[in-house]
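Here's the structure, in structure tokens; my notes come after.
Lettering follows sequence order; numbering is per chain, from 1. All of these numbers come straight from a predicted model, not from anything done at the bench.
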Amino acid sequence: ELEAEMAALGRSKENIRKVFANNEKGILEKLKAIEYTPKVSFLDSLMLTTREPVADQLQPGQLEDDVQRELIFYQNALECVKSGYDQLKQLNVPYIRPNDYFAEMIKTDAHMEKVKKNLLAEQAEIDGAV
Amino acid sequence: TETKKIKKEIVRPPKQRVLVFSSRGVTHRSRHLQNDIRALLPHSKTDAKLDSKDQLNVVNEVCELKNCNNCVFLESRKRKDLYLWMAKAPEGPSVKFLVQNIHTMDELKMTGNCLKGSRPLLIFDKTFDAEPHLQLIKESLNQIFCTPHRHPRSKPFVDHALAFYYLDGRIWFRHYQIRQPDSGVAHKSKAEHAEELVEIGPRFVLQPIRVFEGSFGGPTLYENPEYVSPNQLRSELRRSKAN
């Protein structure tokens, strides 16, 4: 009886070892069905891709290093932004907000005031510590 | 071939409208995240929180009612775990992510700002081109997060950028303001390549869990072998503490 139980246990363990789906053909078919960004103009997609994977630019163990990671994120984004602006310029469309254009911002003035106060307070703390 | 070339050039993207909403029982932080996402998408609509948790295909009906062909749905479980669904309604595909490390735009650390409704540049990590499921995620993210050109609620300027990086099996989201050295005259002056970025927020990390063929259901096309559910993680932690 014990043997039978052990065998059953072994079998259920085998069942637990799961097979993970990765139907590449199905995924690519689905992608083809919805895809349009490679076919439209840059003005319609605004899609940019980094030159190198960020994973290759980080040294091992730097994933948890906030400063280093954010620096690499920043550098890659900046490089893409420059190439994006170049492409927009070539398309000859206005894309930079004129100085006299005022409109609602994503963060309100009240919120930006708080941000500023926070920055000043932090600066004062640093100055006070010196 | 000349006419063919012209035809290729005038491909217009289909109209994208995105429904952004959430399930009942979301925490304040997820609600703020939802508001941030909505602020980024002038082409979005919203609806009342969804009551049912088990029948997510109801969402497809809501999309149809709201005339939306994309959906970003925040699903909250146990008031702790937040999942994000990204779907092309009604035919699919859809992707389910676990959302981690949320920092919303309300936080004071991120000092950037941009016009509400201006169009963002969309920056993708090169790794997205490496695997089929990531290619699919890249295309869906772009279709959802790109503000349609000349959308009535948009502003015709590009003063911010959304970045999606793939690191450690997860997608890291960052939102930057593009600051001109002296905006307005910058495009005429010599300092035209001196742009700076300032982070606006929000920040979050998305771990892909599954890719489905349909919208909120259907056969699984991809399943992340590295994904461990928060429940399992918690129970393992408890067990290791008990030992």
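- Only the side chain of A/Met112 has a heavy atom closer than 4.5 Å to any heavy atom of chain B.
- For B/Phe128, no part lies near chain A; criterion is any non-hydrogen pair under 4.5 Å.
- For the options B/Ala39, B/Pro120, B/Ala161, B/Pro93, heavy-atom pairs under 4.5 Å to chain A are most numerous at B/Pro93.
- Using a 4.5 Å cut-off between heavy atoms, A/Arg69 touches chain B through its side chain atoms alone.
- B/Trp85 places a side-chain heavy atom less than 4.5 Å from the side chain of B/Ser94.
- Here A/Thr49 is the residue among A/Thr49, A/Leu58, A/Asn23, A/Asp56 with the most heavy-atom pairs under 4.5 Å with chain B.
- A donor atom on one side chain and an acceptor atom on the other are not found under 3.5 Å apart for B/Glu131 and A/Asn22.
- The environment of B/Glu91 atom CD is sparse: at most 12 non-hydrogen atoms of other residues, nucleotides or ligands sit within 6.0 angstrom.
- For a residue to count as touching a neighbouring chain, one of its non-hydrogen atoms must lie under 4.5 Å from one of that chain's; by this rule A/Glu52 touches chain B with the backbone only.
- For B/Gln143, the parts lying near chain A are the backbone and the side chain together; criterion is any non-hydrogen pair under 4.5 Å.
- Qualifying salt bridge (charged side-chain N to carboxylate O under 4.0 Å, His left out) partners for B/Asp129, counting only residues two or more places apart in sequence or in other chains: B/Lys138.
- Of the listed residues (B/Ala130, B/Cys146, B/Pro148), the one with the most heavy-atom contacts under 4.5 Å to chain A is B/Cys146.
- Across A/Lys116, A/Glu24, A/Lys117, A/Lys25, the residue that shares the most heavy-atom pairs under 4.5 angstrom with chain B is A/Glu24.
- Interface remark: of the candidates A/Gly26, A/Gly84, A/Ala77, A/Ala77 forms the most heavy-atom pairs closer than 4.5 Å to chain B.
- Note on residues 28-38 of chain A: pairs passing side chain to side chain donor-acceptor pair (under 3.5 Å), not counting sequence neighbours, are A/Tyr36-B/Gln16, A/Thr37-B/Glu139.
- B/Glu199 and B/Lys109 are not joined by a salt bridge, as no carboxylate oxygen comes within less than 4.0 angstrom of a charged side-chain nitrogen.
- Of the two parts of B/Val211, neither the backbone nor the side chain holds a non-hydrogen atom closer than 4.5 Å to a non-hydrogen atom of chain A.
- Inspection of the B/Asn231 and B/Ser229 side chains reveals no N or O donor paired with an N or O acceptor under 3.5 Å.
- Contacts of A/Phe42 with chain B are made by side-chain atoms alone, with heavy-atom separations under 4.5 Å and no backbone atom involved.
- Counting non-hydrogen atoms of neighbouring residues, nucleotides and ligands closer than 6.0 angstrom, the CD atom of B/Gln100 exceeds 12 such neighbours.
- Both the backbone and the side chain of B/Ile200 come within less than 4.5 Å of a heavy atom in chain A.
- Using a 4.5 Å heavy-atom cutoff, the side chains of B/Pro208 and B/Tyr227 are not in contact.
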